Amino acid sequence: MVSIDQVRSANATFKQTKQRPNIVALFVGATSGIGMGTLKAFAANTTTPTIYVVGRSKSAAEPLLNELAELNPEAKVNFIETEISLIKYVDTACEQIKTNEKHIDLLFLSPGYLSFEGRNESKEGIDIPHALRYYSRLRFVHNLLPLLKESKYPRVVSILAGGREGTLDFDDLEMKNNFNGFKAAGNGATQTTLAFEELAKSNSNVTFIHKYPGFVDTGVVGRLLGTAKGILAVPATLAKWVILPVINTLSMSVDVAGERGFFIATSPTYPPSKPKVQLPPSDDPSVQTLAPARSSSSTNGVGNGVYLLNEKDESQPDAPVMAEYRANGASKKVWEDTQKVWSRALFSYAIST
């Protein structure tokens, strides 16, 4: 376990010693929730960073952008206004970044929402919540890997449900048949881990982190309960106004989640399989006692650079299905299917416009 005191001490040391100046980072899903908390911590603790924030509305994000400017007047903040549930628009956003940057150090991905409603397809034919939790996130990773590989310390972080992988129907990974929103959310977690493990094989200098953040008071559960209809509406309303406020008092705050988000985004505790440049050790004595985290799998004692973390930023044990999936080459199957979905989505977009 990484204590919050260790997190705060490491973050403060990172700032005070001006580690890794001019870091370039992309935040997707950071206009609210854990992403926003991490974005603020990133701005507050880095030296002359370049920050890209992707969101649907720049005008709605103005208060956040103003706060970032106050937290770090030296930061160069770029807001890319787009709808990331569409793969076509993800590609456009990535092209903008590629035009401006020669490398990128961090991708921090946390968009998404939960809903009791049924499958809600975009005009590209992908269920929108599933696009946000998986297909769009991985498209950002895929598109920006060339820039990540130019970084000395490249890292990808996806906030979802690392360590909570479940069974997949490999004939219906999108769940077009027998759709269930909660099952789809579980699919996204398993697909993320398998995709990260596949990408790590050919990108060994990149760290891939898939984190389960625990219960954080982001408002996402309240919004989920607000989508309940029919016979679910009454118990959902009761839960929203009576039970949820009690739970929220016991949950992690967005600010604390953001402190932890910055820690995992920058700490040498999570090295890639084959670092291009050895990660500098922390100058903080309390963090120096932390052993490198355990990667999701290893070969001949060398970790794969993929980390499945819990809310305390420690490596989680394998979910029961993962040993079988690794033995059967499931990561390759998931990655190949992902690319087919992207191709179909772009074709659907083209014929709809």
Side-chain angles (χ1 to χ4, degrees), residues 20-58 61 64-65 67-69 71-72 74-112 131-160 192 195-196 199 203 205-211 257-258 261-267 270 272 342:
R20 296 171 59 188
N22 307 315
I23 189 170
V24 181
L26 168 65
F27 286 83
V28 182
T31 55
S32 64
I34 297 168
M36 182 177 69
T38 303
L39 173 58
K40 291 179 181 180
F42 184 90
N45 291 295
T46 50
T47 302
T48 58
T50 297
I51 303 171
Y52 289 88
V53 182
V54 178
R56 286 186 295 175
S57 171
K58 185 174 182 179
L64 171 61
L65 299 177
E67 184 175 356
L68 296 177
L71 288 168
N72 191 338
E74 297 180 332
K76 180 182 178 182
V77 181
N78 307 275
F79 191 90
I80 300 176
E81 188 174 52
T82 193
E83 174 51 71
I84 64 162
S85 65
L86 296 175
I87 303 303
K88 174 65 176 178
Y89 292 174
V90 172
D91 289 353
T92 302
C94 290
E95 286 303 315
Q96 183 174 335
I97 296 168
K98 288 179 180 179
T99 299
N100 296 336
E101 305 297 338
K102 294 182 178 179
H103 79 278
I104 191 165
D105 302 293
L106 171 67
L107 267 60
F108 197 95
L109 311 166
S110 58
L132 294 174
R133 75 174 66 96
Y134 176 70
Y135 288 104
S136 293
R137 295 192 194 196
L138 268 292
R139 188 68 172 183
F140 275 108
V141 178
H142 172 265
N143 287 349
L144 295 175
L145 268 171
L147 294 188
L148 282 163
K149 293 172 77 170
E150 294 299 316
S151 168
K152 290 182 179 179
Y153 314 111
R155 188 163 297 190
V156 176
V157 179
S158 187
I159 304 297
L160 192 59
T192 296
F196 276 5
L199 289 172
N203 299 278
N205 69 313
V206 180
T207 292
F208 295 89
I209 295 176
H210 181 194
K211 175 172 176 172
F262 180 73
F263 175 80
I264 65 173
T266 55
S267 173
Y270 314 100
W342 288 338

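It should be emphasised that the depicted structure is a prediction, and the values quoted were computed from it without experimental measurement. The figures that follow rest on heavy atoms only: side chains count, while hydrogens, waters and symmetry mates do not. All residue numbers refer to positions in the sequence shown, counting from 1.
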Return yes if some donor-acceptor pair links the side-chain N/O of [X] with the main-chain N/O of [Y] below 3.5 Å, else return no.
| X | Y | answer |
| --- | --- | --- |
| S151 | L147 | no |
| S136 | I84 | yes |
| R137 | I159 | yes |
| D105 | V24 | yes |
| R155 | S267 | yes |
| T207 | Y270 | yes |

Quick one, W342 with D91, criterion side-chain contact (heavy atoms from CB on, under 4.5 Å). Give me CA distance, side-chain angles, the key distance, then yes/no. CA-CA 11 Å; W342 288 338; D91 289 353; over 6 Å; no

Supply the atom-to-atom distance [X] [atom1] to [Y] [atom2], rounded to the nearest 0.5 angstrom.
| X | Y | atom1 | atom2 | result |
| --- | --- | --- | --- | --- |
| L26 | I80 | CG | CD1 | 7.0 Å |
| T31 | L65 | OG1 | CG | 10.0 Å |
| N78 | E101 | CG | CD | 7.5 Å |
| C94 | I87 | SG | CD1 | 10.0 Å |
| L68 | M36 | CG | CE | 10.0 Å |
| L64 | K58 | CG | NZ | 12.0 Å |

For [X] against [Y], the heavy-atom pair lying closest together:
| X | Y | result |
| --- | --- | --- |
| T46 | N72 | O-ND2, 2.8 Å |
| R56 | E81 | O-CG, 3.2 Å |
| S158 | F196 | CB-CZ, 3.9 Å |
| L106 | L148 | N-CD2, 4.4 Å |
| V90 | R139 | CG1-CG, 3.7 Å |
| I264 | I209 | O-CD1, 3.3 Å |

Can I get a per-line list of side-chain donor-acceptor pairs under 3.5 Å for residues 37-45, giving both atom names and the distance, sequence neighbours left out?
{"from": "T38", "atom 1": "OG1", "to": "I34", "atom 2": "O", "distance (Å)": "3.0"}
{"from": "K40", "atom 1": "NZ", "to": "E67", "atom 2": "OE1", "distance (Å)": "3.2"}
{"from": "N45", "atom 1": "ND2", "to": "A41", "atom 2": "O", "distance (Å)": "2.8"}

Across all chains, not counting sequence neighbours, the salt bridge (charged side-chain N to carboxylate O under 4.0 Å, His left out) partners of K98 are E95

Chi angles and distances behind the side-chain contact (heavy atoms from CB on, under 4.5 Å) call for T50, N100: CA-CA 11 Å; T50 297; N100 296 336; over 6 Å; no

Give me the one residue out of F262, F27, Y52, F140 that meets ring-ring contact (aromatic ring centres under 6.0 Å, His included) with F108.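 The residue from F262, F27, Y52, F140 that satisfies ring-ring contact (aromatic ring centres under 6.0 Å, His included) with F108 turns out to be F27.
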
Begin from the C-alpha positions of V156 and L199 and carry the test side-chain contact (heavy atoms from CB on, under 4.5 Å) through to its verdict. CA-CA 11 Å; V156 176; L199 289 172; over 6 Å; no

Would you check if L107 and V28 make a side-chain contact, meaning some heavy-atom pair closer than 4.5 Å? no

Side chains of L132 and S85: does their closest heavy-atom pair fall under 4.5 Å? yes

